[in-house]
Amino acid sequence: MSQNQKQAEKKQAEKTPVKYQHQSVETKWLDKWEQEGLFQDTFGDFGGNNYKMKAGKKKKKKAEKKKAAEKKKGKGAVKPEDKMYLLFAFAYPSGSGLHVGHVESKTALDIMARYNRMNGKDVFFPVGWDAFGLPAENYAVKTGVHPEETTKNAINTFRRQIKRVGISYDWANEIATSHPDYYQWTQWLFIQLFQNGLAYKDIGMVNWCPSCKTVLANEQVVEGLCERCDSEVMQKKLEQWYFKITDYKDELIEGLDEVDWPEATKRQQKNWIGRSEGANVDFEVVDSQSANQGGKDKNDNLKLTCFTTRTDTIFGVSFLVISPEKFKEFELEKYLAKDKFDEVEKYIKQAFKKTEEERQIGEKDKTGVNTGLKVINPVNGEEAPLFIADYVLGGVGTGVVMGVPAHDERDWAFAKKHNLSIKPVIKPQFRELKDNECFTDYGVMINSGDYTGRLSLEGREELVEDFSHVIAKTTTYKLRDWLISRQRYWGAPIPIIYDPDGSPHAIKDEDLPWALPHDVDFKPTGESPLKSSQKLIKRTHKYVVENFADLIAEHKKDGWAQDGSDWEPEFDTMDTFVDSSWYYLRYLHSRNKDAFSQEDRLNNWMPVDFYLIGPEHIVLHLLYSRFFTKFLRDQGYIDLENGEPFAKMRHQGMILGPDHKKMSKSKGNVINPDKIVKKYGADTLRVYEMFIGPLEADKPWDDRAVQGVFRFLHKMYGLVQDLADYYQTNEGEEVKTAAKLEQKLHQTIRKVGKDIPQLKFNTAIACMMEFSNEWRSWLVHDQAGEEEKNHPGLSLADAKKLVKILAPFAPFMAEEMWNQLGEKFSVHQQTWPEFDADLAQEEQAIIPVQVNGKLRGELILPAEVAADRDSEIEILTQAKELQSVQKWIKDKEIKKEIFVPGKIVSLVV
RNA sequence: GCCUCGGUGGCGGAACUGGCAGACGCGCGAGACUUAAAAUCUCGUUCUCUUACGAGAGUGUGGGUUCGAUUCCCGCCCGAGGCACCA
């Protein structure tokens, strides 16, 4: 090491013992932001108006124009291209507080919010709580603490923690689903659905969790177990409220083409809706006319309808299978021969003993019984035996399946087991069928009468046309209506009361909220806890007298009590997914007393521009939210043609423990964000979480790598502080940024500005790290040769640019730097710096030279020359003259010479 | 079984549209500073062979296309997630 270098190093070492006191600096700015109401009250509903840019003339003009537009259209009006609605999935305020995973997604959105604000967008970045739900209620059961209390405390903790990491949420518009001002509108939404026939009551088999003592939606049953507590789910008959989401099934599929979501997510939604297109085919049951009272004609035979997607295989039907449930439903036992009766009944009994679950994932053994009954194939009149088997599910399709063993694996297995004939009717288009082959693909029809030789896809269309009296095109869906009743306390009460006949009546809009009563015993008994509330009952009777006097009087003759005492309220509460599937609309006018939101804002601000949610919400939450939005559009509340609430959506990955496993208390690998904030500061926590990897990937926590980010931020701070000192001491002095640093700075501005919208925060940070490395390296090494000693490297103006691009990532430190550079509050209200493409341009290009595909040398050329096709001959000549290349090409004939401008030279010998 | 995503150094991860694989960070090694340690700073760090110069191999695996493949195509292996007797 040279003497010069040593000295420079020493000097640097002496200069850098700056201590950045993250605790005091961060809390100082936190208080200031709070005081100034920075980024609060986006719509000015609360008297503040801080969201506007406080920037240059251009912006002012823009702001004035906007104001004029607002006068016309009402407050909150924005041009679609100027608005940016950023949304993070509602958090459930759990008792254990903020998780590092929350910090990751919130920080990512916060960076986008700050970046977009600096680029002149009107950003709306709200926050709220999915506050109803089981954990608080379970805790109440255990400890007796009222869920309201628990929830309030948890929210306070979360709020404090989130503010501490500097997330620039609009807290003025904060909402919580458990607040009457919010659930009033959840109830209103229920009533809207009810009045439009989309909320209805029905008796049905429901999934029942014996441990949580509540009903679960299909979506909440995971492999036969309760999503929350892992107990085995049972089937139970109950009368429940449903939302008719199936009315929107097709639109819920088609709308997916209009949104920018991950393909995998779209596919999952489609799978869940499960549309399958096919046909219903009628098979007559031979000699079943006796049951059709008085019917003598053969045409009066009972018909069994099969659903199939493969009409083209219909000539290959060698048996028909009916599910045990449908067998009973059609009362087919009436036609059984005596010798078959016992066998069949026994089988059905056994089948009913099995739960749906056993039948599905249990042994795929194709059990079944031949009923002895025959059916007639409608296309060729052939007779086929009717079997009863539990691999056919009563609830899927029509519960009757045509058995085509030659072209379906399950039918094949069944036919083999029960010795049934197998008749191939489709062959592959470009080869012959092998012996014993079960060919399940489309192909060419064979052994199919007049249709032999047709392609599957054509033949099946023709069949449907030719046999329209027995074959009808049909589409089936897996999606069922959404069961929303819950026998729990901590949720929004269903705003319904029942008259003595049991007919439901909605609470009037003006009487909402229909409050959740307090005097309730939470202990789960299998009955709804609200049944224990005397106040609710009394309130109901009073309400009836006040609002249904006419109806009561009318029914006096029917013996209705005139004091309303024979009316009952609905005791169930709503699934919490109801609360959390419309909150993004409420945000837009969070305190509106007269409506669930506000029309102008809905029209101006919807759809959400960017939604970040965990992958666990892919099916349920998105499906329900889309359903609600489409419904409200149909009711004329939102002018959103495709009814899609979330234009762009991505999923954040999980932050795993240091052991690469999912964080959990039991594994003891949970990282507490509070501790990291205390030790390293919120900026370090933020930047670290953004740096470890792509937002969408799962990535493990690495304690030591946090240090690296900590070092980077402190290095940056030291550099900026030295620079600030320099300009303070040499006041008024103009220093030009060193050429090398200027180029790098502009490259960095370009890179960071490009990466943020693409969510590539990790590479943006890496680039800023590179800049800090280069800056310091310049100070230590390169400056030594310069005449001017103590050159800070950057001009004051350029240093400010650097601070600005750091601001979204490390908002506290950037604010402090901004202050140190003598600028006025706040760096977060500045405009994003522009880069100069010429300055960012590399002067020299390194062109690698390959011989036979291997790197053998490189040419260093002026960038313009390297990128110019006209310099091909010259560059190729130079390349061939390189010593390292000569070694490989001399005495050899060059067969091919390739020059790709700006990229590479490739020689083949 | 089907669908989706992924597999790159000791680790987390970079790599534009087919053009120098391994940016950045961690870790590790050497050094500076220090009585010492920590902190900080400098240099090095894909692997193998070589004192060195250099050479060879290398992005799960086997092929293919190409002057050139982490990137495109075909087959296989492994991992994660989803769906699943869906007719």
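The chains referred to below are lettered A, B, ... by the order of the sequence lines, with proteins before strands, and numbering in each begins at 1.
Look at A:K751 and you won't find any side-chain N or O under 4.0 angstrom from OP1 or OP2 of B:C24. OP1 or OP2 of B:A87 has not a single side-chain nitrogen or oxygen of A:R310 nearer than 4.0 Å. Applying the 4.0 Å criterion to OP1 and OP2 of B:G25, one finds that A:N773 has a side-chain N or O inside that range. Between B:A14 and A:N762, a contact under 4.0 Å exists linking OP1 or OP2 to a side-chain N or O. Contact check, A:K270 against B:C3: no side-chain N or O comes under 4.0 Å of OP1 or OP2. Considering only side-chain N and O atoms, A:R711 lies under 4.0 angstrom from the phosphate OP1 or OP2 of B:C26. Within the structure, every side-chain polar atom (N or O) of A:T309 is placed at least 4.0 Å from both OP1 and OP2 of B:C86.
Partner assigned to B:C72 is B:G64, using Watson-Crick or G-U wobble distances below 3.5 angstrom. Using Watson-Crick or G-U wobble geometry with both donor-acceptor distances under 3.5 Å, B:C85 finds no partner in any strand shown. With both pairing distances under 3.5 Å, B:U17 is matched to nothing as a Watson-Crick or G-U wobble pair. B:G9 is unpaired under the criterion used here, namely a Watson-Crick or G-U wobble arrangement in which both key atom distances are under 3.5 Å. Within the shown strands, nothing qualifies as a pairing partner of B:C53 under the Watson-Crick or G-U definition with both distances less than 3.5 Å. Nucleotide B:U4 forms a pair with B:A80, judged by Watson-Crick or G-U wobble geometry with both contacts under 3.5 Å. B:G44: Watson-Crick or G-U partner is B:C28, with both key distances under 3.5 Å.
When heavy atoms are screened at a 4.0 angstrom cut-off, A:V396 is found touching base atoms of the nucleic acid. Within 4.0 Å (heavy atoms only), A:K895 reaches no atom of the nucleic acid at all. Using a 4.0 Å heavy-atom criterion, one finds that A:R410 contacts the bases of the nucleic acid, with or without backbone contacts as well. A:K754 comes within contact range of no nucleotide atom at all, as no heavy-atom separation falls under 4.0 Å. Contact annotation for A:K887: backbone-only contact, meaning every heavy-atom pair under 4.0 Å involves sugar-phosphate atoms and none involves a base. Residue A:K896 is in sugar-phosphate contact alone, with no base atom involved, counting any heavy-atom pair closer than 4.0 Å across all strands shown. Note on A:P615: nothing from the nucleic acid sits closer than 4.0 angstrom, heavy atoms only. If you check every strand for non-hydrogen atoms under 4.0 Å, A:W701 touches nothing. Residue A:I692 is in sugar-phosphate contact alone, with no base atom involved, counting any heavy-atom pair closer than 4.0 Å across all strands shown. Among the heavy atoms of the strands lying under 4.0 Å from A:A705 are primed sugar atoms or P, OP1, OP2 only; no base atom is included. Heavy atoms of A:D408 sit nowhere under 4.0 angstrom from any nucleic acid atom. No engagement by A:D411 is indicated, since no non-hydrogen atom pair under 4.0 Å with the nucleic acid exists. Residue A:L907 is out of contact with every strand shown, counting any heavy-atom pair closer than 4.0 Å. In this structure, A:Q850 reaches the bases: a heavy-atom distance under 4.0 Å links it to at least one base atom across the strands shown.
A glycosidic torsion no more than 90° from 0 defines the syn conformation; B:G60 lies beyond that range and is anti.
Computed from coordinates, the A:N271 CG to B:C83 C1' distance equals 6 Å when rounded to whole Å. Spacing between atom CD1 of A:I860 and atom P of B:C20 amounts to 16 Å, rounded to whole angstrom units. The separation between A:D755 atom CG and B:C16 atom C1' is 11 Å, rounded to whole Å.
Among B:A55, B:G12, B:C24, the nucleotide with an atom closest to any side-chain atom of A:A766 is B:C24. Side-chain atoms of A:Q268 lie closest to B:G82 of the nucleotides B:A55, B:C67, B:G82. Looking at the side chain of A:V392, the nearest of the listed nucleotides B:C67, B:A87, B:A23 is B:A87. Listed nucleotides: B:A87, B:C67, B:A15. Nearest to the side chain of A:V401: B:A87. Comparing B:C20, B:A55, B:U42 against the side chain of A:I904 picks out B:C20 as the nearest. Closest contact between the side chain of A:K903 and the listed nucleotides B:C24, B:C16, B:A87 involves B:C16. Taking every side-chain heavy atom of A:P694 into account, B:A14 is the closest of B:C20, B:C41, B:A14. Residue A:R267 places its side chain closer to B:C3 than to any other of B:G56, B:C3, B:A87.
A:Q886 contributes a side-chain N or O that, together with a main-chain N or O of A:K880, makes up a donor-acceptor pair within less than 3.5 Å.
Taking the six-membered ring for Trp and the full ring otherwise, A:F414 and A:F319 have centroids separated by under 6.0 Å. Annotation: A:W778 is not in aromatic contact with A:F771 [ring centroid separation under 6.0 Å not met].
On the P atoms, B:G29 is 13 Å away from B:A39, given to the nearest whole Å. Nucleotides B:A21 and B:U70, compared at atom P, are 8 Å apart to the nearest Å. Separating the C1' atom of B:A32 from that of B:A37 is a span of 16 Å, rounded to the nearest Å. A distance of about 37 Å separates the C1' atoms of B:C16 and B:U50, rounded to the whole Å. On the P atoms, B:U65 is 30 Å away from B:A15, given to the nearest whole Å. One C1' atom belongs to B:C78, the other to B:A30, and the distance between them is 39 Å to the nearest Å. Rounded to a whole angstrom, the distance from the C1' atom of B:G79 to that of B:C85 is 27 Å. Nucleotides B:G7 and B:G58 place their C1' atoms 15 Å apart, quoted to the nearest Å.
In this structure, A:T476 and A:L855 both approach RNA chain B, and ranking their closest nucleotides by distance from the 5' end singles out A:L855. With RNA chain B read from its 5' end, the first of the two nearest nucleotides for A:T763 and A:G397 is the one closest to A:T763.
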A:K303/A:V470 under side-chain contact (heavy atoms from CB on, under 4.5 Å): CA gap, chis, key distance, verdict = CA-CA 10 Å; A:K303 290 187 181 71; A:V470 281; 5.6 Å; no
Let me see the working for A:K895 and A:E893 under salt bridge (charged side-chain N to carboxylate O under 4.0 Å, His left out), right down to the final yes or no.
-> CA-CA 6 Å; A:K895 292 182 191 135; A:E893 183 200 352; over 6 Å; no
When you look at A:V400 and A:T305, which way does the side-chain contact (heavy atoms from CB on, under 4.5 Å) test go after all the steps?
-> CA-CA 7 Å; A:V400 188; A:T305 305; over 6 Å; no
Applying side-chain contact (heavy atoms from CB on, under 4.5 Å), run through A:D408 and A:R410 and close with a yes or a no.
-> CA-CA 6 Å; A:D408 182 279; A:R410 292 156 302 169; 2.8 Å; yes
Stepwise side-chain contact (heavy atoms from CB on, under 4.5 Å) check, A:V885 with A:L907 | CA-CA 9 Å; A:V885 173; A:L907 306 170; 3.9 Å; yes
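Counting only N and O atoms by type, the side chains of A:K715 and A:N773 include a donor and acceptor under 3.5 Å apart. Judged purely by distance below 3.5 Å, without hydrogens or angles, the side chains of A:T684 and A:H22 never pair a donor atom with an acceptor atom.
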